[in-house]
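Working notes, beginning with the structure itself.
Just so you know, these numbers use all the heavy atoms, side chains as well, and skip hydrogens, waters and symmetry mates. Each chain gets a letter, A, B and so on, in the order its sequence line appears, and its residues count up from 1.
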Amino acid sequence: MKQTRVHQVLQTESIGKKVKLAGWVRTRRDSKGGFSFIELNDGSCMKSVQILAEAALSNYESEVLKLGIGSSIEVIGDVVESPGKGQTTEVKAESVKVLGYADPQTYPLQKKGTSMEFLRSIAHLRPRTNTFGAVARVRNEICRSIHNFFQSRGFLYINTPIITASDCEGAGQMFNVTTFDLKDVPRISGEGGAKGDIDFEQDFFGRATHLTVSGQLEAEIYATALTNVYTFGPTFRAENSNTSRHLAEFWMVEPEMAFCDLEGDMQCAEDFLKTIFNDVMTNCGSDMEFFNERIDKTVLETLKHIVDSDFVRISYTEAVDILLKCGEKFEFPVSWGIDLQSEHERYLTEKKFKKPVIVYDYPKDIKAFYMRLNDDGKTVRAMDVLVPKVGEIIGGSQREERLDVLIERMKACDLDPEEYWWYLDLRKFGTVPHAGFGLGLERTVQFVTGMGNIRDVIPFPRAPKTADF
RNA sequence: UCCCGAGUAGCGCAGCGGUAGCGCAGGUGACUGUUAAUCACUUGGUCGUAAGUUCGAAUCUUACCUCGGGAGCCA
């Protein structure tokens, strides 16, 4: 007999059908009338289905009455209209087969409120809770939406490498990748200035290698051949960041578009976010209702508002003007040329406009070397999409496609152009204007669900001092 | 990494110098087409770790560890 999932059984169309279900017990309620109610969940949806187990079952006394929360069972029975309140259908069990008990004395999850911190310490069991089941389903929907968005627009999905040899991809501290015995690392012998340095020529790749901090530079290679591409994979930052918005291992989506300027980049980012939010609301209705009710009472309203309205677009210079004139007291004073602080971004997106804000044309000194220099010589074609609570959810730019300008910028940033010979080749041979951005998957899940800590929107978070499971 | 705050029963918390408490969960019993069921009784704790002050420390001091909030870095 083919297995049915709980979400199907909850539909009234299932009434009258005989089904086989399997899942985990959420709770059992006994009636002295000679039967028990079992709430069964299999992760297919938020809700559990109520199983009616009568005393007539051969294993009622011996097994059914011992079923506690967390036990796994297989049920065969008829879907019937429920006479009770709270559900429209239920399953009248013909048989209840116990697959595995969960000892209520030691099973950590019980019918009660539990903190996110505690659940994080039992990451192997937390997907069995309503909250983490819903997070998993919404995260999955977001991933599907990301692929759908780009695939339907003709973007090619490019798998860029996890292990990289380019030393300065731009952002942040990198994790080292090596097969050296750390107790006995080979050193360069002989005479000369390099004597005593680590001899990476003896390492696995014959040179120093790291975990990637971005697939952008590689994506640019494919965009300048195939026009529109995107990467979507894990990214690593060895920063000692201890916040609710940072992970050492996180997933990032990075589209890269040839023949595209910053305007097109911003438009793509806006359409992209709206599509994701819309898909989640359409396809994860009950999960989103749960988040709206139990996690953050404003998420649904906020998402609807965003989908229905245009993002605010202001230049960095305008943003600084607004911040200077707003009368708000900031811990960090505002002046043209500074990087916007969290409190400044929050003011813009949470107080002033109350929706996503795209800030563009930042001072060149606070942005990466590859961003296209404006004619004013002071600013670059960079853009950040800021959203309430989470802050920067997307960072992007139009790339510098002029070889001479790019080389100058690299030198100004103390980078050796020879190290980037292949990156420069893209400008030397058939260069084109192009642009792209990076979207943090976890920050998107955070924003959509209202979950307060980024460690609770990825199954197994990696952060400083945290690599369990 | 910096600034605050917190670590007490399986979980959520109170106690803040004088022999460790409450709620929930667990166990037992009662009751019921129940639904976070309800009611009664009940098991359960080297008070984060290490040192110190004191006649006496969960309570005061110091260091360390972990967690949370904020900041920096950023996605």
Discussion item. Would A/Arg139 and A/Glu442 count as a side-chain contact (heavy atoms from CB on, under 4.5 Å) here? Give the steps.
Written reply: CA-CA 8 Å; A/Arg139 185 180 168 113; A/Glu442 285 76 18; 2.9 Å; yes
Practice prompt. Begin with the C-alpha distance, continue with both residues' side-chain angles, and end with the deciding distance and a verdict on side-chain hydrogen bond (donor to acceptor under 3.5 Å, both in side chains) for A/Thr379 and A/Asn374.
Written response: CA-CA 6 Å; A/Thr379 59; A/Asn374 276 309; 2.9 Å; yes
Practice prompt. For the pair A/Asn278 and A/Thr275, evaluate side-chain contact (heavy atoms from CB on, under 4.5 Å) and give the outcome as yes or no after the intermediate values.
Written response: CA-CA 5 Å; A/Asn278 201 50; A/Thr275 300; 5.8 Å; no
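As judged by a 4.0 angstrom heavy-atom cut-off over every strand, A/Ser82 is placed among the base-contacting residues. At a threshold of 4.0 angstrom between heavy atoms, the contacts of A/Gln50 include nucleobase atoms, whether or not backbone atoms are also involved. Heavy atoms of A/Pro83 sit under 4.0 angstrom from at least one base atom. When heavy atoms are screened at a 4.0 angstrom cut-off, A/Ser48 is found touching no nucleic acid atom at all. Note on A/Ile69: nothing from the nucleic acid sits closer than 4.0 angstrom, heavy atoms only. No contact: A/Glu331 has no heavy atom under 4.0 Å from any strand. Residue-level contact check: A/Gln341 touches the backbone only, with heavy atoms under 4.0 Å from sugar-phosphate atoms and none from bases.
The shortest distance between the side-chain N/O atoms of A/Arg237 and the OP1/OP2 oxygens of B/rC74 is not below 4.0 Å. Not one side-chain nitrogen or oxygen of A/Thr106 sits closer than 4.0 Å to the OP1 or OP2 atom of B/rG10. One finds no side-chain N or O of A/Thr114 lying less than 4.0 angstrom from the OP1 or OP2 phosphate oxygen of B/rC24.
Pairing of B/rG26, defined by two Watson-Crick or G-U wobble distances under 3.5 Å, is identified with B/rU42. The pairing partner recorded for B/rA57 is none, the criterion being a Watson-Crick or G-U wobble arrangement whose two distances lie under 3.5 angstrom. Across every strand in view, B/rC2 sits in a pair with B/rG70 that passes the Watson-Crick or G-U test at under 3.5 angstrom. Using Watson-Crick or G-U wobble geometry with both donor-acceptor distances under 3.5 Å, B/rU49 finds its partner in B/rA63. Base-pair partner of B/rG17: not found among the strands shown (Watson-Crick or G-U wobble, both distances under 3.5 Å).
At whole-Å resolution of the value, CG in A/Asn242 and C1' in B/rA71 are 12 Å apart. The interatomic distance linking A/Glu392 (CD) with B/rC73 (C1') rounds to 11 Å, in whole Å. If you take CZ of A/Arg294 and P of B/rA36, they are 10 Å apart, rounded to a whole angstrom. Taking atom CZ on A/Phe332 and atom C1' on B/rC73, their separation rounds to 12 Å, with Å as the unit. Going from atom CD1 of A/Ile394 over to atom C1' of B/rC74 covers 14 Å, rounded to whole Å. One atom, NZ of A/Lys465, and another, C1' of B/rC67, lie 14 Å apart when rounded to the nearest Å. Rounded to whole angstrom, the span from the CD atom of A/Gln105 across to the C1' atom of B/rU43 amounts to 8 Å. Atom CD of A/Gln216 and atom C1' of B/rA75 are 13 Å apart (whole Å).
For the pair A/Phe250 and B/rA75, the ring geometry qualifies as stacking, because the centroid separation is below 5.5 Å while the planes lie within an angle under 30°.
Rounded to whole Å, the C1' atom of B/rU28 lies 45 Å from the corresponding atom of B/rU54. When the C1' atom is compared between B/rA30 and B/rC22, the two are found 25 Å apart, to the nearest whole Å. B/rU59 and B/rC74: their P atoms are spaced 42 Å apart (whole Å). Separation of the C1' atoms belonging to B/rC47 and B/rC13 is 13 Å when rounded to the nearest angstrom. Remark: the separation of the C1' atoms in B/rG48 and B/rG7 is 6 Å, to the nearest Å. Taking the P atoms as reference points, B/rG69 lies 15 Å from B/rG12, given to the whole Å. Rounded to whole Å, the P atom of B/rA9 lies 12 Å from the corresponding atom of B/rA14. Here, B/rG44 and B/rC55 have their P atoms 35 Å apart, quoted to the whole Å.
Counting only distance, with no hydrogens or angles, the side chain of A/His344 and the backbone of A/Gln341 share a donor-acceptor pair below 3.5 Å.
Looking at the side chain of A/His246, the nearest of the listed nucleotides B/rU1, B/rA75, B/rU34 is B/rA75. The side chain of A/Ser115 approaches B/rG12 more closely than any other nucleotide in the set B/rG72, B/rC67, B/rG12. Looking at the side chain of A/Phe118, the nearest of the listed nucleotides B/rC11, B/rA75, B/rU1 is B/rC11.
For a distance-only test at 3.5 Å, the side chain of A/Glu90 qualifies as a donor-acceptor partner of the base of B/rG33. Not a single donor-acceptor pair, N or O on each side, falls under 3.5 Å between the base of B/rC67 and the side chain of A/Arg455. For A/Asp30 against B/rU32, a side-chain-to-base donor-acceptor contact under 3.5 Å is absent. With hydrogens and angles ignored, no donor-acceptor pair under 3.5 angstrom links the side chain of A/Glu117 to the base of B/rU66. In the interface, the side chain of A/Ser241 is paired with the base of B/rC73 through a donor and an acceptor atom under 3.5 Å apart. Side-chain atoms of A/Glu239 stay outside donor-acceptor range of the base of B/rU1, with no qualifying N/O pair under 3.5 Å.
Ring-plane geometry between A/Phe155 and A/Phe150 is classed as tilted, the angle between the planes lying from 30 to 60 degrees on a 0 to 90 degree scale. Note on ring orientation: taking the six-membered ring where Trp is involved, the planes of A/Tyr347 and A/Phe330 are perpendicular (angle over 60°, cut-offs 30° and 60°).
Looking at which nucleotide of RNA chain B each of A/Pro104 and A/Gly84 is closest to, the 5′-most match is held by A/Pro104.
Rounded to the nearest 0.5 angstrom, A/Lys18 NZ and A/Ile76 CD1 are separated by 7.5 Å.
You'll find the ring centres of A/Phe277 and A/Phe447 inside the 6.0 Å limit.
Closest heavy-atom contact between A/Leu10 and A/Cys45: CD1-SG, 3.9 Å.
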